[in-house]
There are 2 protein chains.
Amino acid sequence: MPTTRPATDYDERVIAAAREVFTQYGFAAPISEIARIAEVGVASIYRRYPSKRELAEQVRIASTSRIIEEAEDALARESEPWEVLRRFMYGCLREHTGIGVVLPPHGGCEGFSEELLRLRSRMISLVERIVTAAQDAGELRADLRAADVFVLFKHLNPPLATDESRRAELRARYLTLVLPGLREACVPLPGQAPEWEELRRMCEEGPAPDHSKE
Amino acid sequence: MPTTRPATDYDERVIAAAREVFTQYGFAAPISEIARIAEVGVASIYRRYPSKRELAEQVRIASTSRIIEEAEDALARESEPWEVLRRFMYGCLREHTGIGVVLPPHGGCEGFSEELLRLRSRMISLVERIVTAAQDAGELRADLRAADVFVLFKHLNPPLATDESRRAELRARYLTLVLPGLREACVPLPGQAPEWEELRRMCEEGPAPDHSKE
DNA sequence: TCCTCACCGGAACGGATTATTCCGCTTCGG
DNA sequence: CCGAAGCGGAATAATCCGTTCCGGTGAGGA
């Protein structure tokens, strides 16, 4: 947790690049790739964050906060429960939100800061509130769990090898495709809905693609 | 292309394990992990396949053939165009089909065998036939391209850290969730549909998760 | 029973990748 | 023109992974 760092735009460039790289390739992606995207030297990253682990933590904090903002914003701006959910999902999948980085890695949350754990549970309860409200209003199929929404996020955010803006476009495309299916349950969903605990165990991978031949 | 190999069940164990590992973690996953899953020594893999590249090629061939079978089976068994598509998609996402491994890696198809390229284009034209037929019958939204179907496959096949049977269950769950949204276009899809050429450029990553702390 | 041979699993090797550190250079204030 | 602060990228050391090597094992024949 960097306490007082000099205020440059380096900070946001680094975090933005790290979010992009981690989101796309997973936390195994090399720091040098982040430096390349941020147009910054590797050392400049280490000058601000003591280790890769710490950088990852900051990225998680930033993204989780952003998701929370999206949820609160959706709750504040929309009254119709379905519209709340809709706005929330589009918001989360918007460019630079960095969903897909908010779930903890394989092996659980040990070593996470109190701050991040707090943000995480806040995020989860907001999503549950949104989902439950939509279901109570009969506008969202009842056999869906809040955790399903996160799996959908994960599904809609795969590491495709294009630039971020195109990926954002595709995310919106497929969310639009998926949304109508969420409303009414013509056919009951097969399989058990995932629990948060199970979801917690589903890590992201996305190790390094071949950055050499480029 | 291994010409004549001794007939053990090793062969199928290796291919099955490789398909599972490559599907989940991408082609960057270590061979040793495949050996572990197959309960086989590393050398036993190399005794049959001259290199990792060759093994990957065989896995691709096996999976692509399987997808082709699913498509032909669906076309043969169903007459209703929508049911053809439906059966095809469920079939592809069934356990052990290994979809998600059939798209070429970053950097194109250079070095692929003629056989695989032939299978690939056969697979693509079958999918296009199925999609087009459903659209002509007015049972599938018209602003969807065949390549979208593959992106959906990719979306529905993310590397979740569970056993394969649970993953298959979840794939079915989310396909059921998604399918109804494909039928009618209440809202037009935003963004440009991906072209095959673009899809070709979208590689899979999924580099190695931490196999050490397990 | 003992020898031979085919085959297997896992350790060993060498190259490649990467987190982290070090250092010379640039730049800006005085 | 000097000095310091901050930067980029090369250098370092450890790790990982593809591939090869080797001793072990068990079936089958003498």
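Throughout, a chain's letter reflects where its sequence line sits, starting with A, and its residues are numbered from 1.
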Worksheet item: So which nucleotide from C:dA19, C:dG9, D:dG8 ends up closest to the side chain of A:P30?
Response: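 Closest nucleotide to the A:P30 side chain: C:dA19.
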
Discussion item. Ring-plane angle category for B:F153 and B:F88, please: parallel below 30°, perpendicular beyond 60°, tilted otherwise.
Written reply: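 Because their plane-to-plane angle is over 60°, the rings of B:F153 and B:F88 count as perpendicular.
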
Restricting to side chain to side chain donor-acceptor pair (under 3.5 Å), what partner residues turn up for [X], sequence neighbours left out?
{"X": "B:R94", "result": "B:E70"}
{"X": "B:R122", "result": "B:E72"}
{"X": "A:Y46", "result": "none"}
{"X": "B:R118", "result": "none"}

Let me know the distance between [atom1] of [X] and [atom2] of [N], rounded to the nearest Å.
{"X": "B:D9", "N": "C:dC8", "atom1": "CG", "atom2": "P", "result": "10 Å"}
{"X": "A:R48", "N": "D:dA5", "atom1": "CZ", "atom2": "C1'", "result": "12 Å"}
{"X": "B:R13", "N": "C:dC7", "atom1": "CZ", "atom2": "C1'", "result": "14 Å"}
{"X": "A:I45", "N": "C:dT18", "atom1": "CD1", "atom2": "P", "result": "14 Å"}
{"X": "B:E54", "N": "D:dT19", "atom1": "CD", "atom2": "C1'", "result": "15 Å"}

Item to complete: Kindly state each residue pair satisfying salt bridge (Lys or Arg N to Asp or Glu O under 4.0 Å) with at least one member in residues 84-93 of chain B, sequence neighbours excluded.
Response: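 For residues 84-93 of chain B: B:D73-B:R87, B:E78-B:R87, B:E83-B:R86.
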
Check the interface with nucleotides 20-23 of chain C: list each N/O to N/O pair with the protein under 3.5 Å, or write none.
unit_1	atom_1	unit_2	atom_2	d
C:dT20	OP2	A:Y46	OH	2.6
C:dT20	OP2	A:K52	N	3.0

Worksheet item: Is the distance from OP1 or OP2 of C:dG9 to the nearest side-chain N or O of B:Y10 less than 4.0 Å?
Response: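 For B:Y10, the contact criterion (side-chain N or O under 4.0 Å from OP1 or OP2 of C:dG9) is met.
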
